[in-house]
Undergrad: 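Can you keep this structure in mind? I'll have questions shortly.
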Amino acid sequence: MKSKIEEYTGPAGGWGALKAVAQAIRGQMEMGKDIIAMFDMNKPTGFDCPGCAWPDPKHSASFDMCENGAKAVSWEATAKRATPEFFAANPVSELLKWNDYDLENEGRLTHPMKYDATTDTYRVIEWQTAFDEIGAILRRYDDHNTVEFYTSGRTSNEAAFLYQLFAREYGTNNFPDCSNMCHEPTSVGLAAAIGLGKGTVLLEDFDQADLVICIGHNPGTNHPRMLSSLRAVSKRGGTIVAVNPLKERGLERFTYPQDPVEMLTLSSTKLASHYYQVRIGGDIALLKGVMRLVLEQHKAAVAAAKPAILDLDFIEQHTHGFAELEQDIVSTKWDEIISKSGISREQIEELAQLYIQAERTIICYGMGITQHQHGTQNIQQLVNLLLLKGNIGKEGAGICPLRGHSNVQGDRTVGITEKPSATMLANIEKRFGFTPPKEFGHAAVATMQALFEGTSKALICMGGNLAVAMPDHDATYAGMKKLELAVHTATKLNRSHLLTAKNTYLMPVLGRTEIDMQQSGAQCVTVEDSMSMVHASRGMLKPASPLLKSECAIVAGLAKATLPDSKVAWDELVNDYDQIRDAIEAVFPDFKDYNARIRVPGGFHLVNPAAERRWVTASGKANFITTDSLNEDPQDTQDSELVLTTVRSHDQYNTTIYSMNDRYRGVFGRRDVVFISAAEAEKQGVKAGDVVNLIALGKDMQPTYRRLDKLTIVVHDIADRCLATYFPESNNLLPLDRFDAQSGIPSYKNIPIKLEKVA
Ligand SMILES: Nc1nc2c(c(=O)[nH]1)N[C@H]1C(S)=C(S)[C@@H](COP(=O)(O)OP(=O)(O)OC[C@H]3O[C@@H](n4cnc5c(=O)[nH]c(N)nc54)[C@H](O)[C@@H]3O)O[C@H]1N2
Ligand SMILES: Nc1nc2c(c(=O)[nH]1)N[C@H]1C(S)=C(S)[C@@H](COP(=O)(O)OP(=O)(O)OC[C@H]3O[C@@H](n4cnc5c(=O)[nH]c(N)nc54)[C@H](O)[C@@H]3O)O[C@H]1N2
Ligand SMILES: [Mo]
């Protein structure tokens with residue numbers, strides 16, 4: 001396709017989406033029965049969409065499919081195959097020159113493979129030989145903390161549980177997880193504030209909310225099924241507010257492809273009625289400004305004997321730290337609020353009024369909030385705002401993190417954590433009879449540092465593309481090359497697989513759309529969505545190759561070969577996944593009657609104390625947590641003239657690139673672009689179509705050696721002093737040590753930058 005830059009004037013969804021679905025299917029799938037699989041997605045009897053973690057309407061018989069869900073499914077259910085012949089013909093050094101799109105577009109992996117250094121190619125290996133060789137290497141290490149166990153969040157509860165069991169019986173808590181790049185600030189920040197690192201709302205709450213604030217997320221691309229919920233809010237007169245440096249079409253207006261009237265009349269529903277284009281990293285300043293006005297107007301109301309604005313009973317009974325918050329907020333200076341947030345006083349007043357008037361408010365957020373050096377503090381400011389009016393634990397209100405991978409939340413729930421609780425470890429010991437290690441392990445940044453320093457020897461990856469998803473490719477690529485052992489379970493080939501270790505294995509797995517046949521019959525797996533609903537997912541397609549194994553079977557194969565004296569009955573567990581679920585229930589009592597409850601269509605809701613106003617925090621209350629900073633990266637970005645954020649295009653799933661298009665932002669056939677506002681472009685002396693280089697600034701605001709060359713300027717509706725580009729191409733602009741001290745998340749959304757025009 002020829003590339004072009006052309007403003008997209010249509011709504012989100014609508015005919016554009018239907019056309020894109022047709023293209024995705026035509027490009028990848030065999031026509032006929034495979035297409036029917038699409039219609040089983042997200043139905044109580046079908047498979048869970050491998051796209052996002054947005055929940056399904058309860059007991060809905062109709063199918064709820066979205067454009068990007070269709071892309072995810074067609075990408076997995078593709079007719080293309082990366083066969084042994086393909087690998088024989090393409091040396092790894094050649095494949096390394098391919099782009100990420102071409103690598104995955106080769107199709108599904110069909111055979112277990114091992115890298116052969118003499119021919120520089122991947123060669124077929126028998127499953128058992130691979131397990132035995134890996135087991136032998138793992139058994140050689142005296143220090144089991146030199147092995148890292150990475151999980152990408154598509155992994156089911158069952159596979160994740162077995163995986164952590166294997167790693168812990170082996171003897172480590174090294175669990176780098178995609179959550180470390182994603183919602184770790186949620187786990188940490190919400191746990192400290194409300195006693196649970198998860199959201200508090202259910203889908204039904206959207207039926208009652210007066211106000212929904214969408215801050216730092218892009219649902220039109222990343223959670224498209226959410227648009228039907230937002231549409232319903234708008235249709236019944238609720239207010240939607242967007243806070244985002246970029247104007248995102250999916251927050252502005254939407255045509256529901258399943259509404260014949262909207263489709264046929266080419267009409268759409270307006271979503272956000274108010275759009276605040278905050279400066280990158282300016283969210284804390286904005287939130288403090290809003291809170292300041294809420295507090296002031298409350299005081300004024302009380303003085304005038306008018307009804308209170310704050311929920312005083314709630315604050316009194318349920319919260320801790322209100323006085324400190326008040327102190328912090330009233331001492332914040334207006335000029336700083338305005339300059340840091342990039343939002344005018346009038347606009348902040350407007351937003352404060354909307355919040356004051358709303359009886360019930362939901363705040364939804366994503367990576368625009370989490371991926372900052374103050375990602376954890378960001379989230380706690382959102383909570384502070386909600387607590388002021390008792391907006392947690394009441395119908396139609398609450399905090400709603402938009403999770404990433406479709407089971408990233410579930411993986412955490414069933415034990416993928418480098419900091420295990422004593423209770424969980426005790427329960428594992430009780431159920432399985434071995435003593436798991438207590439010493440905390442590595443999260444993703446620590447893992448990459450250990451690889452780079454050569455102190456970790458082996459990396460096992462349950463899915464994902466770790467080296468590419470992380471910042472600082474200089475460090476991560478070099479780290480991968482130093483490994484003695486790398487094991488990748490994957491559906492498709494990606495760059496991390498090409499950064500070969502001394503011994504490198506590729507293990508092809510069944511995807512979620514495929515039939516998972518074990519000794520007791522076809523199995524289902526379970527996943528937990530963003531709203532803590534746990535439900536079953538059952539694949540219906542014929543596997544891409546007869547040699548594929550399920551993730552559960554691969555973990556069991558590795559475990560048996562590594563731990564000959566294992567206390568775990570691996571075969572029994574894998575023969576019938578009900579047994580795995582019984583074991584999960586034994587370790588995590590919240591899964592009581594697990595097997596029975598997932599057989600109810602729609603599944604069940606995991607206990608969520610915060611949603612019931614039970615606060616499992618040290619104070620026994622919901623905590624107002626203050627931060628003295630106004631800027632997310634206090635030492636540096638406030639001094640940087642320009643800040644860069646890195647985002648997903650419409651046709652990408654993390655490091656998986658479905659196509660080179662980004663329809664809603666008007667970019668077609670290419671990804672080497674950088675977005676800038678018209679005013680900022682003028683200030684910087686550049687115009688649309690100019691070619692520029694980006695140079696990352698260091699802590700001292702001086703240029704570093706990190707650069708991304710030859711990007712084309714696209715003038716877009718984005719806040720001044722801000723730039724945006726795509727990841728993962730931009731990941732080397734960020735050093736490994738720029739992360740949030742509390743949660744460890746890399747500050748992917750906040751890179752101080754200098755623009756250099758290419759002559
Ligand atoms: N189709 C598709 N679906 C996906 C994914 C995918 O790649 N493709 N990825 C999945 C995963 S793992 C995740 S984590 C989620 C990600 O879902 P999102 O969180 O929506 O992901 P991003 O593309 O990173 O978009 C973040 C938004 O934050 C805005 N933003 C950037 N910086 C700031 C800031 O400083 N402040 C504010 N307020 N906003 C800012 C950006 O303009 C952008 O609109 O989606 C999941 N679903
Ligand atoms: N600059 C920048 N970097 C970022 C982000 C950002 O916003 N900006 N976002 C971060 C976020 S939120 C995340 S979650 C990470 C993502 O990090 P990861 O989860 O590590 O990466 P993915 O790109 O989702 O992984 C894609 C690979 O997963 C494999 N795969 C797909 N389906 C399956 C399956 O069913 N089973 C198995 N075993 N493998 C499968 C395929 O081989 C595919 O190549 O990236 C992070 N990196
Ligand atoms: Mo994510």
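Just follow the structure's listing: the first ligand is 1, and inside any ligand the first atom is 1. No hydrogens, no waters, no symmetry mates; every other heavy atom, side chains included, goes into these values.
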Undergrad: Do the side chains of R495 and D100 get close enough for a salt bridge, i.e. N-O under 4.0 angstrom?
TA: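 Salt bridge between R495 and D100, a charged N being under 4.0 Å from a carboxylate O: yes.
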
Undergrad: Show the atoms of ligand 2 that are less than 4.0 angstrom away from any heavy atom in S152.
TA: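 Close to S152: 18 (P), 19 (O).
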
Undergrad: When you check the gap from the basic side-chain N to the acidic O, do E184 and R412 get nearer than 4.0 Å?
TA: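 Salt bridge between E184 and R412, a charged N being under 4.0 Å from a carboxylate O: yes.
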
Undergrad: For the residue pair H183 and Y365, is the inter-centroid distance of their aromatic rings smaller than 6.0 Å?
TA: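 Between H183 and Y365, the centre distance is under 6.0 Å.
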
Undergrad: What I want to know is whether R279 and ligand 1 share at least one N or O pair that is separated by under 3.5 angstrom.
TA: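 Checking ligand 1 against R279, no N or O pair falls under 3.5 Å apart.
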
Undergrad: So is C182 polar-close to ligand 1, meaning N/O to N/O under 3.5 Å?
TA: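 Checking ligand 1 against C182, no N or O pair falls under 3.5 Å apart.
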
Undergrad: May I ask whether R154 places a heavy atom under 4.0 Å from ligand 2?
TA: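 Under 4.0 Å: yes for R154.
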
Undergrad: Quick one: look at T491 and ligand 2, take heavy-atom pairs under 4.0 Å, and tell me if it's side chain, backbone, both or neither.
TA: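 For T491, backbone and side-chain atoms both sit under 4.0 Å from ligand 2.
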
Undergrad: Report the nearest protein non-hydrogen atom to atom 8 (N) of ligand 2: residue, atom name, distance rounded to 0.1 Å.
TA: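 Looking only at protein heavy atoms, the one closest to atom 8 (N) of ligand 2 is T646 OG1, 3.0 Å.
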
Undergrad: Looking at ligand 1, does any of its N/O atoms fall within less than 3.5 Å of an N/O of Q371?
TA: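 By distance alone, the answer is no.
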
Undergrad: Mind running side-chain hydrogen bond (donor to acceptor under 3.5 Å, both in side chains) on D651 and S659 for me, showing each step along the way?
TA: CA-CA 5 Å; D651 282 8; S659 94; 2.6 Å; yes

Undergrad: Among all protein heavy atoms, pick the one closest to atom 21 (O) of ligand 2 and tell me residue, atom and distance.
TA: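 Here the nearest protein heavy atom works out to N465 N, 3.6 Å.
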
Undergrad: How does H217 reach ligand 1, by side chain, by backbone, by both or by neither, if only non-hydrogen atoms under 4.0 Å count?
TA: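 Both parts.
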
Undergrad: Would S156 and Y577 count as a side-chain hydrogen bond (donor to acceptor under 3.5 Å, both in side chains) here? Give the steps.
TA: CA-CA 11 Å; S156 65; Y577 294 1; over 6 Å; no

Undergrad: For the side-chain contact (heavy atoms from CB on, under 4.5 Å) test, which of T221, I657, N222 pairs with Q652?
TA: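 Only match with Q652 under side-chain contact (heavy atoms from CB on, under 4.5 Å): I657.
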
Undergrad: Are any of the N/O atoms on D283, whether in the backbone or the side chain, positioned under 3.5 angstrom from an N/O atom of ligand 1?
TA: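 Such a contact does occur with ligand 1.
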
Undergrad: State whether the shortest distance between N or O atoms of N244 and N or O atoms of ligand 1 falls below 3.5 angstrom.
TA: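 Yes - when backbone and side-chain N and O of N244 are compared with those of ligand 1, one distance drops under 3.5 Å.
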
Undergrad: For ligand 2, find out whether one of its N or O atoms is nearer than 3.5 Å to an N or O atom of T655.
TA: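 Right, the criterion is met.
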
Undergrad: I want to confirm something. Looking only at heavy atoms, which of V278, L286, T645, V647 is nearest to atom 32 (N) of ligand 1?
TA: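 The residue whose heavy atom sits nearest atom 32 (N) of ligand 1 is T645.
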
Undergrad: Counting C-beta onward and ignoring hydrogens, is there a side-chain heavy-atom pair between F47 and M540 closer than 4.5 Å?
TA: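 Yes - at least one pair of side-chain heavy atoms lies under 4.5 Å apart.
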
Undergrad: For V468, which of T655, N731, N494 qualifies under side-chain contact (heavy atoms from CB on, under 4.5 Å)?
TA: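 Among the candidates, only T655 passes.
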
Undergrad: When you measure from atom 1 (N) of ligand 2 to every protein heavy atom, which one gives the shortest distance, and what is it?
TA: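 Heavy-atom neighbour on the protein nearest atom 1 (N) of ligand 2: N731 OD1, 2.6 Å.
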
Undergrad: Counting C-beta onward and ignoring hydrogens, is there a side-chain heavy-atom pair between R108 and T78 closer than 4.5 Å?
TA: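 R108 reaches T78 side chain to side chain.
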
Undergrad: Check each atom of ligand 2 against the heavy atoms of T489 and keep those under 4.0 Å away; list them by number with element.
TA: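 So the answer, numbered in order with elements, is 38 (N), 39 (N).
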
Undergrad: Out of all atoms in ligand 2, which are within 4.0 Å of some heavy atom of N494? Include the element for each.
TA: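 Once the distances to N494 are compared, the set is 27 (C), 42 (O), 43 (C), 44 (O).
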
Undergrad: Answer yes or no: does an N/O atom from H372 fall short of 3.5 Å to an N/O atom of ligand 1?
TA: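 Indeed, backbone or side chain, H372 has an N or O that close.
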
Undergrad: Counting non-hydrogen protein atoms only, what is the nearest one to atom 38 (N) of ligand 2? Give residue, atom name and distance.
TA: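 Answer, as residue, atom name and distance: E551 OE2, 2.7 Å.
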
Undergrad: State, yes or no, whether a side-chain contact exists between N654 and R648 at a heavy-atom distance under 4.5 Å.
TA: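 Yes, their side chains come closer than 4.5 Å.
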
Undergrad: Given R665, H223, K749, which one has a non-hydrogen atom that is nearest to atom 24 (O) of ligand 1?
TA: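 Minimum heavy-atom distance to atom 24 (O) of ligand 1 goes to K749.
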
Undergrad: Going from CG on L190 to OG1 on T376, what distance comes out if it is rounded to the nearest 0.5 angstrom?
TA: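 So the gap between those two atoms works out to 9.5 Å.
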
Undergrad: Taking only heavy atoms of M367, which atoms of ligand 2 are found under 4.0 Å from at least one of them?
TA: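 Close to M367: 12 (S).
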
Undergrad: Relative to atom 17 (O) of ligand 2, which among P746, S550, G153, A469 owns the nearest non-hydrogen atom?
TA: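 Checking each option, the heavy atom nearest atom 17 (O) of ligand 2 is found in A469.
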
Undergrad: Could you list the atoms of ligand 2 found under 4.0 angstrom from a heavy atom of V509?
TA: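 Here the atoms of ligand 2 in question are 36 (N), 37 (C), 38 (N).
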
Undergrad: Look at ligand 2 and say whether M470 reaches it with a heavy atom at a distance under 4.0 Å.
TA: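 It does not, in that no heavy atom of M470 comes within the 4.0 Å cut-off of ligand 2.
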
Undergrad: Check whether any N or O atom of N218, backbone or side chain, sits under 3.5 Å from an N or O atom of ligand 1, and answer yes or no.
TA: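 Yes; the residue has a nitrogen or oxygen that sits under 3.5 Å from a nitrogen or oxygen of the ligand.
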
Undergrad: Which ligand 2 atoms, with their elements, are less than 4.0 angstrom from a heavy-atom of Y150?
TA: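 Numbered from 1, ligand 2 contributes 17 (O), 18 (P), 19 (O), 20 (O).
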
Undergrad: Suppose I only count heavy atoms of I215 and a 4.0 Å limit; which atoms of ligand 1 are within that range?
TA: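 Near I215, the atoms of ligand 1 are 38 (N).
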
Undergrad: Which is closest to atom 3 (N) of ligand 2 by heavy-atom distance: Y726, F727, Y653?
TA: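 Closest candidate by heavy-atom distance is F727.
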
Undergrad: Note the single closest protein heavy atom to atom 28 (O) of ligand 2, along with its residue, its atom name and the distance in Å.
TA: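 Ranking protein heavy atoms by distance from atom 28 (O) of ligand 2, first comes G464 N, 3.2 Å.
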
Undergrad: What's the verdict on side chain to side chain contact (heavy atoms under 4.5 Å, CB included) for Q381 and D283, showing C-alpha distance, side-chain angles and the deciding distance?
TA: CA-CA 9 Å; Q381 297 303 312; D283 299 278; over 6 Å; no

Undergrad: Walk me through it: do E76 and K492 pass the test salt bridge (charged side-chain N to carboxylate O under 4.0 Å, His left out)?
TA: CA-CA 8 Å; E76 179 175 300; K492 289 193 163 183; over 6 Å; no

Undergrad: Are any of the N/O atoms on M181, whether in the backbone or the side chain, positioned under 3.5 angstrom from an N/O atom of ligand 2?
TA: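 In fact, backbone or side chain, M181 has no N or O that close.
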
Undergrad: Kindly confirm or rule out an N or O of T221 lying under 3.5 angstrom from an N or O of ligand 1.
TA: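 Between T221 and ligand 1 (N or O atoms, distance only) the closest approach is under 3.5 Å.
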
Undergrad: Which heavy atom of the protein is the closest neighbour of atom 42 (O) of ligand 2, given with residue, atom name and distance?
TA: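 Closest protein heavy atom to atom 42 (O) of ligand 2: K492 O, 2.7 Å.
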
Undergrad: Check each of H488, E76, R648, M507 against atom 12 (S) of ligand 2 and report the one with the nearest heavy atom.
TA: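 Answer by nearest heavy atom: R648.
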
Undergrad: side-chain hydrogen bond (donor to acceptor under 3.5 Å, both in side chains) between S406 and R512: does it pass, once the steps are laid out?
TA: CA-CA 11 Å; S406 48; R512 206 177 275 172; 2.9 Å; yes

Undergrad: Does the ring center of H405 lie less than 6.0 Å from the ring center of Y653?
TA: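 For H405 and Y653, the ring centres are under 6.0 Å apart.
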
Undergrad: Do any N/O atoms on G281 end up under 3.5 angstrom from N/O atoms on ligand 1?
TA: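 Yes, since at least one N or O of G281 sits under 3.5 Å from an N or O of ligand 1.
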
Undergrad: Near G463, which atoms of ligand 2 are under 4.0 Å from a heavy atom of that residue?
TA: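 Listed by number with element, the hits are 37 (C), 38 (N), 39 (N).
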
Undergrad: Report yes or no: does a heavy atom of L402 sit under 4.0 Å from some atom of ligand 1?
TA: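 For ligand 1, residue contact (heavy atoms, under 4.0 Å) with L402 is absent.
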
Undergrad: Backbone or side chain, does any N or O of M462 fall under 3.5 Å from an N or O of ligand 2?
TA: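 The answer is no, given that M462 and ligand 2 share no N or O pair closer than 3.5 Å.
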
Undergrad: Between R706 and D472, is the salt bridge (charged side-chain N to carboxylate O under 4.0 Å, His left out) condition met? List the steps.
TA: CA-CA 9 Å; R706 296 179 184 278; D472 205 338; 3.1 Å; yes

Undergrad: Indicate yes or no: does an N/O atom of E104 lie under 3.5 Å from an N/O atom of ligand 2?
TA: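 Yes - when backbone and side-chain N and O of E104 are compared with those of ligand 2, one distance drops under 3.5 Å.
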
Undergrad: Identify, for atom 16 (C) of ligand 2, the protein heavy atom at the shortest distance, and state residue, atom and that distance.
TA: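 The closest one turns out to be N654 ND2, 3.6 Å.
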
Undergrad: Report the residue from Q23, K71, K80 that forms a side-chain contact (heavy atoms from CB on, under 4.5 Å) with Q28.
TA: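 The side-chain contact (heavy atoms from CB on, under 4.5 Å) with Q28 is passed solely by K80 among Q23, K71, K80.
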
